[in-house]
Amino acid sequence: MNKRIQHFLRLDDLTAKELRELLERALRLKQGVEGADRPLAGRSLGMIFRKSSTRTRVSFEVGIFQLGGHGLFLSDQQLQLGRGESLADTSRVLSTYLDAIVIRTFRQGEVEEFARHASIPVINGLTDFLHPCQLLADLLTLREEFGRDLSGLTVAWIGDGNNVANSWLTAARVLGFELRIATPTGYGPDPKLQARAEKEGAVSVTTDPIEAVAGAHVVTTDTWVSMGQEGEAEARARDFAPFQVTRELMSRARSEAIFLHCLPAYRGKEVEAEVIDGPQSRVLVEAENRLHAQKALLLHLIG
Ligand code: CP
Ligand code: NVA
């Protein structure tokens, strides 16, 4: 891999300092005090998606356009990749046309392999393992809500120890806030990420949602059935039922606590409609922040 290329395959590909600067830049972009001079004019961003997407795809495409550049949506079924061309050749070739590339796929190893052969920055647009772009938007939402220093916050993650939960583990370790994860037995986050975050940060994992949300500033969850797990939907609905974010559960958090969800959400499953559509919910701001945070990421990587 070319050492001078900075990829964004996991949240800690950015240092704490870079992450904080990126959030401040995202705020300036959101406020319109930066970015109007088309700083990425003439640049092209490719986007390979092997899974569905509403937010990630549209926010990257619109984001690069607003910065003066051009986005190309590349479904893997329309690329030769879908007919067996290697990731390595695809990566080497696309590197000669594009300035950066977003990939959404299943295995984290695929984005890593793509990055090894790329001579342009590769951005992880979600894998089964991680969703670092989501965390940029979530952290921006916390920055707006609670101010510049996030280290005094307590975040409660309720539900599946999935790709988004794994990325929260890294965020808590890098920025030093408290993270409490409550999952059913057998659905915990990645053990290695958990062990490191527990050692270096204020992270705890429990099977008790009430314990996790007690006094929290932020309560967050995600679907019980991530993309690729559709066959497990029935078992998961049963196992996760006690982990729904209800008004009752929210009442155990701070009175000023906010509710986050990366979306897409399933009302009546992981969250009660009254919570996600209620006054404590910030999910639409969070979704909008995908755009601003990723514009800041693009400027950081190729600006
Ligand atoms: N939160 C998120 O990544 O949404 P999409 O799957 O719609 O991109
Ligand atoms: N955990 C979910 C997130 C969707 C944005 C999934 O991987 O499907």
Side-chain angles (χ1 to χ4, degrees), residues 1-15 18-19 21-22 25-26 29 34-134 136 163 227 290-303:
M1 193 193 318
N2 185 334
K3 284 274 185 304
R4 286 168 305 156
I5 309 291
Q6 183 171 13
H7 300 294
F8 186 64
L9 306 184
R10 34 199 305 154
L11 196 67
D12 56 2
D13 283 337
L14 298 174
T15 65
E18 286 171 332
L19 191 50
E21 283 170 4
L22 187 147
R25 178 180 246 170
L29 289 161
E34 189 177 329
D37 55 339
R38 299 168 51 87
L40 299 185
R43 306 299 194 90
S44 296
L45 174 70
M47 301 180 290
I48 299 182
F49 280 71
R50 302 184 101 157
K51 289 176 173 173
S52 306
S53 173
T54 297
R55 283 143 287 269
T56 308
R57 184 242 165 124
V58 177
S59 56
F60 266 116
E61 191 162 337
V62 170
I64 184 88
F65 172 75
Q66 290 180 351
L67 293 170
H70 177 65
L72 293 93
F73 176 69
L74 304 164
S75 153
D76 72 322
Q77 286 313 309
Q78 286 154 11
L79 293 171
Q80 297 288 7
L81 197 57
R83 294 180 59 249
E85 185 168 15
S86 73
L87 277 173
D89 282 350
T90 307
S91 173
R92 290 187 196 108
V93 170
L94 290 181
S95 290
T96 68
Y97 310 139
L98 299 167
D99 296 283
I101 191 149
V102 179
I103 306 180
R104 167 169 288 197
T105 188
F106 294 88
R107 286 187 311 105
Q108 178 75 11
E110 279 181 41
V111 292
E112 286 172 3
E113 186 182 346
F114 204 95
R116 268 197 303 282
H117 297 284
S119 48
I120 55 172
V122 176
I123 298 170
N124 179 353
L126 180 148
T127 62
D128 293 343
F129 183 50
L130 294 171
H131 195 2
C133 291
Q134 181 63 48
L136 297 180
N163 43 8
M227 290 179 275
R290 296 293 305 272
L291 173 68
H292 310 298
Q294 289 160 195
K295 284 167 75 177
L297 177 68
L298 291 173
L299 288 171
H300 175 75
L301 295 177
I302 59 171

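Sequence positions, counted from 1, serve as the residue numbers for this chain. Everything numeric in this text was worked out from a predicted model, so none of it was measured. Any value given below was found using the heavy atoms of this structure, including those in side chains, with hydrogens, waters and symmetry copies removed.
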Is the closest side-chain heavy-atom distance between [X] and [Y] below 4.5 Å?
{"X": "Gln108", "Y": "Asn124", "value": "yes"}
{"X": "Ile101", "Y": "Leu94", "value": "yes"}
{"X": "His70", "Y": "Leu72", "value": "yes"}
{"X": "Thr96", "Y": "Ile120", "value": "no"}
{"X": "Ile123", "Y": "Leu297", "value": "yes"}
{"X": "Thr56", "Y": "Leu126", "value": "no"}

Does Asp99 have any salt bridge (charged side-chain N to carboxylate O under 4.0 Å, His left out) partners at least two apart in sequence or in another chain, and if so, which?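 For Asp99 there are no salt bridge (charged side-chain N to carboxylate O under 4.0 Å, His left out) partners, ignoring immediate neighbours.
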Please find the pair of heavy atoms, one from Glu110 and one from Thr105, that lie closest to each other, and give the distance. OE1-OG1, 2.7 Å
Contact summary for Ile302 and Ala100, nearest pair of heavy atoms: CG2-CB, 4.1 Å
Can you pull out every salt bridge (charged side-chain N to carboxylate O under 4.0 Å, His left out) where at least one residue sits in residues 56-74? Sequence neighbours excluded, please.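 Qualifying pairs, neighbours excluded: Arg57-Glu61.
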Listing request: all side-chain hydrogen bond (donor to acceptor under 3.5 Å, both in side chains) pairs with a residue in residues 294-303, at least two apart in sequence or in separate chains.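 Residue pairs with at least one partner in residues 294-303: Gln6-His300, Ser59-Gln294, Gln66-Lys295, Arg290-Gln294.
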Between Leu45 and Leu98, is a side chain to side chain contact (heavy atoms under 4.5 Å, CB included) present by the stated rule, with each step listed? CA-CA 6 Å; Leu45 174 70; Leu98 299 167; over 6 Å; no
Just by distance, do the side chain of Arg104 and the backbone of Ser52 share a donor-acceptor pair under 3.5 Å? yes
Just by modelled atom types, is the Ala26 backbone N or O under 3.5 Å from a matching donor or acceptor in the His292 side chain? no
Output the distance between atom [atom1] ([X]) and atom [atom2] ([Y]), rounded to the nearest 0.5 Å.
{"X": "Phe60", "Y": "Cys133", "atom1": "CZ", "atom2": "SG", "value": "4.0 Å"}
{"X": "Leu81", "Y": "Ile48", "atom1": "CG", "atom2": "CD1", "value": "6.0 Å"}
{"X": "Leu299", "Y": "Leu22", "atom1": "CG", "atom2": "CG", "value": "9.0 Å"}
{"X": "Ile103", "Y": "Glu112", "atom1": "CD1", "atom2": "CD", "value": "11.0 Å"}
{"X": "Leu301", "Y": "Arg43", "atom1": "CG", "atom2": "CZ", "value": "11.0 Å"}
{"X": "Ser95", "Y": "Phe114", "atom1": "OG", "atom2": "CZ", "value": "6.5 Å"}

Residues in side-chain hydrogen bond (donor to acceptor under 3.5 Å, both in side chains) contact with [X], at least two apart in sequence or another chain:
{"X": "Asp76", "value": "Arg50"}
{"X": "His131", "value": "none"}
{"X": "Asp89", "value": "Arg92"}
{"X": "Glu34", "value": "Arg25, Arg28"}

If you look only at pairs with a residue in residues 72-112, which of them pass as a ring pair (Phe, Tyr, Trp, His ring centres under 6.0 Å), with sequence neighbours excluded?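 Residue pairs passing ring pair (Phe, Tyr, Trp, His ring centres under 6.0 Å), neighbours aside: Phe49-Phe73.
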State which residues pass side chain to side chain contact (heavy atoms under 4.5 Å, CB included) with [X]; sequence neighbours excluded, sorted by chain then number.
{"X": "Thr54", "value": "none"}
{"X": "Arg10", "value": "Asp12, Asp13, Phe129, Leu130, Leu193"}
{"X": "Gln80", "value": "Arg83, Glu85"}

Applying side chain to side chain contact (heavy atoms under 4.5 Å, CB included) to His117 and Leu87, what does each step give before you reach the verdict? CA-CA 8 Å; His117 297 284; Leu87 277 173; over 6 Å; no
Go through Asp128 and Asn163 one step at a time and tell me if the side chain to side chain contact (heavy atoms under 4.5 Å, CB included) criterion holds. CA-CA 6 Å; Asp128 293 343; Asn163 43 8; 5.7 Å; no
Could you walk me through whether Leu9 and Val122 pass the side chain to side chain contact (heavy atoms under 4.5 Å, CB included) test, one step at a time? CA-CA 7 Å; Leu9 306 184; Val122 176; 3.9 Å; yes
